[in-house]
Structures are given as structure tokens and as C-alpha cells.
Amino acid sequence: MDNQIQHEDVNTLIKRRLEELEELKKKNIETFEYSFDVDSYSRDIKESYQEETPKNVRAAGRIMAIRRMGKASFAHIQDKQGRIQIYLKKDDVGESYDAFKLMDIGDIIGVEGYVFKTKTGEISIHAKSLKLLTKSVRPIPIAKEVIDESGNKVIFDQFADKELRYRQRYVDLIVNPEIKDVFIKRSKIISSMRSFLDAQGYLEVETPILQPMYGGASAKPFVTHHNALNIPLYMRIADELYLKRLVVGGFDGVYEISKDFRNEGMDKTHNPEFTMIELYVAYKDYEWMMSFVEQMVAHICTKVFGSTEFEIEGKKINFNPPWDRVSMIEEIQKATGLDVLNASYDEVKDCLRKHGIEPKPGESKGKLIDELFEVTVQPKLIQPTFLIDYPVEMSPLAKKHRNKPGLVERFEGFVLGREICNAFSELNDPIDQNQRFQDQVKMREAGDEEAHQVDEDFVRALEYGMPPTAGLGMGIDRLVMLLTNQPSIRDVILFPQMKPEK
RNA sequence: GGGCACGUAGCUCAGGGGUAGAGCAUCUGCCUUUUAAGCAGAGGGUCGGUGGUUCGAGCCCACCCGUGCUCACCA
């Protein structure tokens with residue numbers, strides 16, 4: 001038995017359970033059963049209960065509480081819908097009752113029996129038979145739940161250590177069922193987004209994660225190496241340049257829901273790998289895309305939450321279209337009095353200093369404007385708002401504004417002061433694109449590690465001709481954070497990145 | 001990377017130089033409608049790690065590891 005489980009931290013509780021496992025085997029009880037036919041789940045059982053016609057059910061789940069009273073016992077089992085109480089009487093289950101004495105909180109069992117209501121009014125299963133399906137040899141950090149007089153659920157000793165919850169998400173999901181709901185919502189948000197896009201006829205595609213050259217965003221990449229080709233490969237920081245190649249190829253509407261990877265800091269809104277939706281639609285511009293985003297988000301809200309009105313961080317947020325559309329330059333002017341577009345580099349710098357930010361040496365004017373925006377305007381964008389028309393230096397892949405010099409046709413969506421998407425009329429002039437790449441090279445040479453590389457093949461694709469195209473990128477994790485009111489990106493990613501244990 | 005805080009039993013937490021604590025969980029006994037079941041008893045700890053200071057260190061000091069918050073970075 002010593003070599004069965006080689007946990008460095010085998011403690012007396014685990015030893016005890018391993019002994020129980022042996023005792024069960026001696027009784028010829030299968031401790032890791034092969035299957036069990038389930039025909040009912042906890043919530044359905046409770047909702048469909050009728051006193052006059054007691055139903056027979058087969059249910060299975062993990063034991064979450066046991067109350068033994070000599071020759072009868074109560075237990076709660078937890079299944080995919082919630083918890084239900086089971087009642088076990090020695091007279092009814094016979095020898096299984098002795099086996100039940102060797103079962104613990106955490107074990108997974110199947111029961112067959114009829115539904116009844118106890119003296120105290122709890123709808124329960126009166127078991128006629130009981131089967132151990134999986135023996136749990138490691139104790140779960142069990143919390144106790146009780147409903148107080150006013151009907152509120154009170155939880156005692158809740159498993160709360162953030163580190164353990166993230167590292168052992170499987171335990172978190174067992175003992176903190178409300179966490180499960182966030183991830184179910186996340187899944188529904190993505191599937192409703194996908195069905196919305198599919199219904200419009202857009203094609204879901206897959207583009208390389210391993211790329212010989214990265215692009216489509218300003219970020220530091222993860223680098224790996226391909227042995228056979230003996231070349232470095234980068235994990236993608238964005239899908240943009242490949243998806244636009246497909247538009248060149250004649251796919252009029254393509255999207256990809258994918259993991260991107262950025263080799264940067266981690267905090268409440270950044271995980272090194274994160275999920276993005278990118279969408280490119282031919283013959284459309286950014287005006288069209290704004291309406292599209294409004295509709296898509298409203299669709300998701302309605303499908304997943306049944307409403308476009310939310311209360312997030314104590315504020316009422318309404319996602320009903322249309323959203324406000326405001327000019328970046330005008331909003332900065334309103335907030336600071338400075339016309340950043342016509343102001344000199346030094347004027348922008350001084351203005352930034354006035355707002356308590358010390359510009360770092362070598363920053364471009366576009367970068368300074370962006371910082372000024374973040375400090376003076378962004379926190380005020382509470383209701384869903386499109387901020388439109390950005391300085392050209394900040395957007396090397398966006399098309400120049402049709403009638404505002406120095407700007408590009410770009411928008412970002414903001415809610416509660418947070419960015420939820422980024423989109424533009426895509427730059428499809430290969431000569432302009434090549435020039436923008438050259439400008440990025442200068443920025444890189446000036447020390448900007450996140451400036452774009454020159455992607456000559458992408459320019460070549462544009463030379464063949466890309467139709468006018470609107471493009472969108474939206475961070476799924478942050479959208480989920482917003483809609484489920486979760487404070488950290490780690491609360492919406494099942495297995496967030498952590499430093500290795502030990 | 002900087003600052004602040006935290007790390008003690010399976011879980012939630014007390015304890016701040018002198019025998020390692022509580023509740024729940026666990027174990028033994030009693031108990032055939034309980035529900036944080038109850039009653040009686042018991043076991044369980046490298047006090048994150050390594051070095052110091054001290055007669056004596058969960059406790060004080062240094063360094064390290066991990067986590068959280070925050071700032072920086074980051075569309």
C-alpha cells in the first residue's frame with residue numbers, strides 16, 4: 001500500500017481513507033465503479049415533487065454532508081444541478097448500510113429510491129439501494145451551508161484561499177458552486193457569440209498559433225524553436241494579419257475565437273494567454289462595425305442573461321443600442337482644453353505633466369495622447385460608449401480617416417472605464433501599409449520593443465488587393481469579467497497562469 | 001520589477017519570547033426523519049523555507065519561496 005500513492009503530504013486523513021478503501025475491497029465492493037444509470041438530477045427532482053405520487057429515481061453525486069444516527073443516516077449528494085438529501089435506513093439498504101459506514105464526504109455514490117418529504121420539509125430521496133461509484137482518498141475542504149431564518153444561505157468555513165482555489169480549480173468547482181456558474185456563463189457567452197456570427201454567414205477559421213513572424217498588435221511575444229526547420233517561432237499575439245490575408249483570398253467574412261499569447265506582466269486584467277474574437281468583414285467600414293458590435297453584445301446579453309440591463313460594481317449599465325459615439329480628440333479637448341491634434345509635442349507633454357504623469361523619454365506623440373486620454377477621459381466612460389478616430393501613430397494597421405487628417409478610422413468600445421473592443425476600417429493600401437511598417441521600424445530602433453515587425457508577405461497580400469474591410473477585436477475574458485461582475489481575470493479563466501509550486 | 005500585507009491542524013482562523021489553541025472535518029461509543037444533527041470521549045502540527053539573535057523563537061532580525069492588493073509595465 002505504501003507505493004500506491006506517493007503524495008509527499010500523505011497525512012492521517014488520507015491514510016485513514018486508504019484503509020477504508022482496503023476494507024471495502026475486502027467486502028468485495030468495487031471502489032471505482034464502471035458506470036451507473038442516472039435518470040434524475042437534484043433540482044429536477046425537487047421541482048417535480050408531488051406528494052400524492054412518489055416517484056422512483058436513480059441519482060448520483062458526490063457526498064457533501066453526512067449525518068449518521070445509528071441505523072439510519074442522512075447525507076447530501078451534489079450533482080450537476082445542485083444538492084439533494086438522501087435518507088438511508090439499514091432496514092431498506094441491508095448490507096450496503098455497513099459499506100456506507102466506510103464512505104466519506106467526497107465519495108461519489110449512486111442511489112435508487114423514492115422521493116419523499118422529511119418531517120422538516122426537505123424533499124429527499126429515500127434510498128432503496130446504494131452503490132459506491134468512486135472512493136475519494138483525499139479529503140475535500142468541506143464548507144457547511146445553512147439556510148438562516150430569512151432564507152439566506154450562510155456558508156461556514158468556506159474554501160477561500162485564492163492560491164489553492166486557482167491551483168486546484170477542481171476543488172474550487174466542487175466546493176464553491178457559484179464559481180461554476182461563472183464558467184457556464186462564459187461558455188454561453190462564447191456560444192451565443194458564435195451562433196450570432198454563424199447566423200450572419202461569417203466563416204469560422206483557424207490560423208497559425210506558431211508564427212515565423214508575429215504581428216497585429218503591440219506586444220512582446222513568447223518565443224519557441226522548431227527543431228526540424230531550426231528556426232525560431234513566435235506564439236501569436238493577434239490573429240489580424242492572417243485573417244486579413246483570407247479576406248484578400250476572397251473570404252468576405254471570417255472570424256476566429258482563439259487564444260493569443262503576450263509575454264508581459266500579469267495582473268487583474270492580464271493573463272499571459274487570453275481569448276480573443278477577431279472578425280473581418282469585406283465591403284464594410286468602422287461605422288458599420290459599431291452597429292454590428294452593439295447588436296452582437298445586445299444579443300449575447302439577451303441570450304445569456306435575459307436582459308441588456310446589468311448592475312455591475314453597483315452601477316446600472318444598459319447595453320441597449322445605440323451606444324454613445326464620441327470623438328477621442330474632442331473628449332480630450334473637453335477634459336483638458338487642449339487640441340492635441342494641432343498641439344505641439346511639448347504642449348501635449350506639458351498637459352500630461354499637469355495631470356500628474358511624467359512622460360517617459362522617447363515616447364511618440366501618439367503614445368502621449370493615449371496616456372492623456374487614459375487619465376482624463378477613459379474613467380468617465382461608464383455607459384457603453386464608442387470612442388472614435390485615433391491619431392495615426394497609434395494605429396499602424398488602420399485606414400486613414402476619409403476627411404480628418406492625422407486620424408484613422410478606428411474605435412474602441414468602453415464600459416465602466418474599461419476597454420472591451422477595438423476596431424477599424426482596415427488599411428488596405430499596400431504603399432501606405434509599407435510606410436507604416438517602416439515607421440514602426442524606426443520606433444523599434446528608438447527602443448520601442450513592442451513596435452511591429454515588417455511583414456513583407458502581408459504587404460504582398462495587400463498588393464494583390466484587399467477589398468474595403470472592417471475589422472474587430474474583442475477580449476473575451478474581459479467581456480466575461482464585465483458581464484459576470486468578476487473583479488479579476490483569474491476568476492473567469494479556469495486555469496489561470498501561476499508560478500510553479502515549489 | 002517597486003511598495004504594502006499575508007503564510008499556524010484537511011478547511012476557516014486565534015495566539016506577538018517560556019508546555020501549540022478553537023470551530024468544523026477525522027476517529028471510537030450511543031442514537032431508525034436529521035440538517036452547521038446531538039451526547040460522551042480521542043487522535044491530529046517541521047507554525048512556508050533557510051540562517052541568525054536568545055538560556056529559550058509561530059513570535060524578534062536577515063535572506064529566500066509562494067499568494068493577495070497596489071504602483072509600474074501592458075491598447
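As the structure is a prediction and not an experimental result, all values here were calculated from the model.
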Inset, instruction - May I ask you to say what A:Gln378 touches in the nucleic acid, namely base, sugar-phosphate or nothing, with a heavy-atom cut-off under 4.0 Å? - result: nothing
Legend entry - Touch class at under 4.0 angstrom, heavy-atom based, for A:Gln85 against every strand present: base
Legend entry - Touch class at under 4.0 angstrom, heavy-atom based, for A:Arg17 against every strand present: nothing
Legend entry - B:G48 versus B:U12 - spacing of their P atoms, nearest Å: 15 Å
Inset, instruction - Applying side-chain contact (heavy atoms from CB on, under 4.5 Å) between A:Val115 and each of A:Asn56, A:Thr53, A:Ile45, A:Ile84, report the one that passes. - result: A:Ile45
Legend entry - Closest nucleotide among B:G68, B:C11, B:U33 to the A:Lys162 side chain: B:G68
Inset, instruction - Assign A:Asp104 to base, sugar-phosphate, or nothing according to its heavy-atom contacts below 4.0 angstrom with the strands shown. - result: sugar-phosphate
Legend entry - Ring centroid separation A:Tyr286 to A:Phe424 under 6.0 Å: no
Inset, instruction - Please indicate whether A:Lys128 has more than 12 foreign heavy atoms, meaning atoms of other residues, nucleotides or ligands, lying under 6.0 Å from its NZ. - result: yes
Legend entry - Spacing of the P atoms in B:G56 and B:G41 (rounded, Å): 40 Å
Inset, instruction - Could you please name the option among B:U33, B:U67, B:C27 that lies closest to any side-chain atom of A:Glu163? - result: B:U67
Legend entry - Distance between C1' atoms of B:G23 and B:U33 (Å, rounded): 27 Å
Inset, instruction - Assign B:G16 to syn or anti; the rule is syn for a glycosidic angle within 90° of 0 and anti otherwise. - result: syn
Legend entry - d(CG, A:Asp267; P, B:G1) in whole Å: 14 Å
Legend entry - Residue A:Lys499, side-chain heavy atoms: nucleotide from B:U33, B:U26, B:G66 that is nearest: B:G66
Legend entry - Minimum-distance nucleotide to A:Thr118 side chain [options: B:U32, B:U34, B:C74]: B:U34
Legend entry - Same-atom distance (C1') from B:A14 to B:A20, integer angstrom: 12 Å
Legend entry - Anti or syn - B:G58, cut at 90° from 0: syn
Legend entry - Rounded distance in Å between the C1' positions of B:U53 and B:G17: 12 Å
Legend entry - Short side-chain to backbone donor-acceptor contact, A:Arg478 and A:Thr269, under 3.5 Å: yes
Inset, instruction - Kindly point out which of B:U33, B:G68, B:A25 is positioned nearest to the side chain of A:Ile105? - result: B:A25
Inset, instruction - Would you classify A:Ala217 as touching base, sugar-phosphate or nothing, given that sugar-phosphate means primed atoms plus P, OP1 and OP2, and contacts are heavy atoms under 4.0 Å? - result: nothing
Inset, instruction - Determine: side-chain N/O of A:Lys268 to OP1/OP2 of B:U70, distance under 4.0 Å, yes or no. - result: yes
Inset, instruction - Could you give the distance separating B:A22 and B:A40 at their P atoms, to the nearest angstrom? - result: 16 Å
Inset, instruction - Provide the distance between the two P atoms, one in B:A62 and one in B:C6, to the nearest whole Å. - result: 14 Å
Inset, instruction - State which residues pass side chain to side chain donor-acceptor pair (under 3.5 Å) with A:Lys55; sequence neighbours excluded, sorted by chain then number. - result: A:Ser48
Legend entry - Options B:U33, B:U12, B:U32, nucleotide nearest the side-chain atoms of A:Asp161: B:U12
Inset, instruction - Taking only the side-chain heavy atoms of A:Leu164 (C-beta and beyond), determine which of B:C11, B:U32, B:C69 contains the nearest atom. - result: B:C11
Inset, instruction - Scan A:Arg410 against the nucleic acid and name what it touches under 4.0 Å (heavy atoms): base, sugar-phosphate only, or nothing. - result: base
Inset, instruction - Side chain of A:Phe74 only, please: which of B:G10, B:U33, B:U32 is the nearest? - result: B:U33
Inset, instruction - Kindly say whether, by distance alone, the side chain of A:Glu122 makes a donor-acceptor pair under 3.5 Å with the base of B:U34? - result: no
Inset, instruction - Give the nucleotide from the list B:G68, B:G10, B:U33 with an atom nearest to the side chain of A:Leu13. - result: B:G10
Inset, instruction - Among A:Phe386, A:Phe292, A:Phe414, A:Phe411, find the one that has a ring-ring contact (aromatic ring centres under 6.0 Å, His included) with A:Trp323. - result: A:Phe386
Legend entry - Whole-Å C1' distance, B:A9 and B:A42: 15 Å
Inset, instruction - Select base, sugar-phosphate, or nothing to describe what A:His126 touches, counting heavy atoms under 4.0 Å on all strands. - result: nothing
Inset, instruction - Could you work out which one of B:G10, B:U32, B:G68 sits closest to the side chain of A:Ala72? - result: B:U32
Legend entry - Distance in angstrom units between A:Arg16 CZ and B:A42 P, rounded: 19 Å
Legend entry - Plane angle bin for A:Tyr114 and A:His126 - parallel if under 30°, tilted between 30 and 60°, otherwise perpendicular: parallel
